[in-house]
Amino acid sequence: MRFAIALLFLLLPLLSVSAETATQIVDKSDRQMQGQSSYSVATMRIVRPEWTRSMTMKSWTKGRDYSLVLVTSPAKDKGSASLKRFRDMWNWIPAIERVIKIAPSMLSQSWMGSDFTNDDLINQSSIVVDYRHKLVKQELFDGEMTYVIDAIAKPDSPVVWSRIRLWISTRTYLQRQVKFFDEFEELVNTMKTFDIRNMGGRMVASRMEMYPADKPGYKTEFVTHEARFDFAIDTSFFSLSQMKSLRE
């Protein structure tokens, strides 16, 4: 009897996985991290072997199709903004009063000199829609049990990464670690998340760190100070005119 009970406890994690497919887990994680809408205030710190610089920003999202990021400091970058509507993306550079349309070939380029790409910051590609998902195993990360899932790009999907491996918390469904691979199966970036706390009624990873695989001593830290979710916001907010006129 004791052996049967012990065996049941060993099997419980596997039974819970079978109740949810890998795609359902990824979808639940994506919704947990964004909600129907979101607003956040954050600081991004770019670390290099010779220097460090920081910038603060505000961001808004609506579902998976709309997002807007506004840089609020430092002064030389203040007012810069990035907008996403469905699969289209633009950057506004106030210093030259110019809107730049981001071509698909530019999605893998650095955003504001950081280790995050245009794709990362604006969520251009949908991890749910554009990838197939496979549960690999369960594994501890930062003392927390996670589902380890491979997201493999569907043929002809307009995405930056050929494969993404995700470590998703079995408790909160937050992404605790993400590894990004190119079309040659080379590791490009690794993202890790820490300091899980309640913000706006949701559990949020308040600190993210991105590390490029081929640049020792490089990293970008993204710290969220404030977040709200699931409020009413019209799609008209996510417009080119709003991007250019938005103020702190």
Sole residue of S38, S37, S40 in side-chain hydrogen bond (donor to acceptor under 3.5 Å, both in side chains) with T61: S38
With ring centroids as reference points, do Y66 and F86 lie under 6.0 angstrom apart? yes
Between D230 and R31, does at least one N-O distance fall below 4.0 Å, as a salt bridge requires? no
Flag if over 12 foreign heavy atoms under 6.0 Å of CD, E226: yes
Count the heavy atoms belonging to other residues, nucleotides or ligands that lie under 6.0 Å from CG of D156, then report whether that count exceeds 12. no
Please answer whether the main-chain N or O of I233 pairs with a side-chain N or O of K62 as donor and acceptor at a distance below 3.5 Å. yes
Gap separating the CD1 atom of I127 from the CD1 atom of I149, nearest 0.5 angstrom: 9.5 Å
On a heavy-atom basis, which atom in E20 and which in Y147 lie closest, and how many Å separate them? OE1-OH, 4.0 Å
For the pair N91 (side chain) and S82 (backbone), establish whether a donor and an acceptor sit closer than 3.5 Å, ignoring hydrogens and angles. no
Answer yes or no: is there a donor N or O on one side and an acceptor on the other, between the side chain of K84 and the main chain of R64, under 3.5 Å? yes
Using modelled atom types and a 3.5 Å cut-off, is there a donor and acceptor pairing between side-chain atoms of T193 and backbone atoms of A205? no
Can S108 and T117 be counted as having a side-chain donor-acceptor contact under 3.5 angstrom? no
If we ignore hydrogens and angles and just use 3.5 Å, is the side chain of T146 paired with the main-chain N or O of F141 as donor and acceptor? no
Donor-acceptor check, side chain of T170 to backbone of M145, threshold 3.5 angstrom: yes or no? yes
Between T172 and L174, is there a donor-acceptor pair closer than 3.5 Å when you use the side chain of the first and the backbone of the second? yes
Is it true that K179 and T190 share a donor-acceptor pair across their side chains at a distance under 3.5 Å? yes
Give the minimum heavy-atom separation between R202 and Q32, together with the two atoms involved. NH1-O, 3.0 Å
ring-ring contact (aromatic ring centres under 6.0 Å, His included) evaluation trace for F237 with W60: CA-CA 9 Å; F237 177 83; W60 297 259; 5.3 Å; yes
Heavy atoms only: give me the nearest P216-P49 pair and the separation to one decimal. O-CG, 4.1 Å
When Y131, F180, F184 are each screened for ring-ring contact (aromatic ring centres under 6.0 Å, His included) with W161, the one that passes is F180
Can you name the one residue among V26, V148, V178, D30 that meets side chain to side chain contact (heavy atoms under 4.5 Å, CB included) with I168? V26
Between D142 and the options K192, R176, R171, the salt bridge (charged side-chain N to carboxylate O under 4.0 Å, His left out) test singles out R176
Would you please say whether a donor-acceptor pair under 3.5 Å links the side chains of D182 and S162? no
Taking only Lys NZ, Arg NE, NH1 and NH2, and the carboxylate oxygens of Asp or Glu, determine whether D150 and R165 approach each other closer than 4.0 Å. yes
Any side-chain to backbone donor/acceptor pair from S59 onto V69? Under 3.5 Å, distance only. no
Whether D115 and K219 form a salt bridge (side-chain N of Lys/Arg under 4.0 Å from carboxylate O of Asp/Glu) is what I want to check. no
Between K137 and E139, does any side-chain N to carboxylate O distance fall below 4.0 Å? yes
Using distance alone, with no hydrogens and no angle criterion, decide if H133 and T21 have a side-chain donor and acceptor under 3.5 Å apart. no
In this structure, is the centre-to-centre distance between the rings of F116 and W111 below 6.0 Å? no
Atom CG in L240, atom NZ in K244: separation rounded to 0.5 Å? 6.5 Å
Under 3.5 Å, is there a donor-acceptor pair between the side chain of S110 and the main chain of S114? yes
Hey, quick one: are M33 and F194 part of the same hydrophobic cluster, counting side-chain heavy atoms closer than 4.5 Å, chains of contacts allowed? no
If you count every heavy atom of other residues, nucleotides or ligands that lies below 6.0 Å from E183 atom CD, does the total exceed 12? yes
Indicate whether any N or O donor in one side chain lies under 3.5 Å from an N or O acceptor in the other, for T56 and T72. yes
Spell out, as yes or no, whether a donor-acceptor pair under 3.5 Å connects the side chain of S206 to the backbone of D195. yes
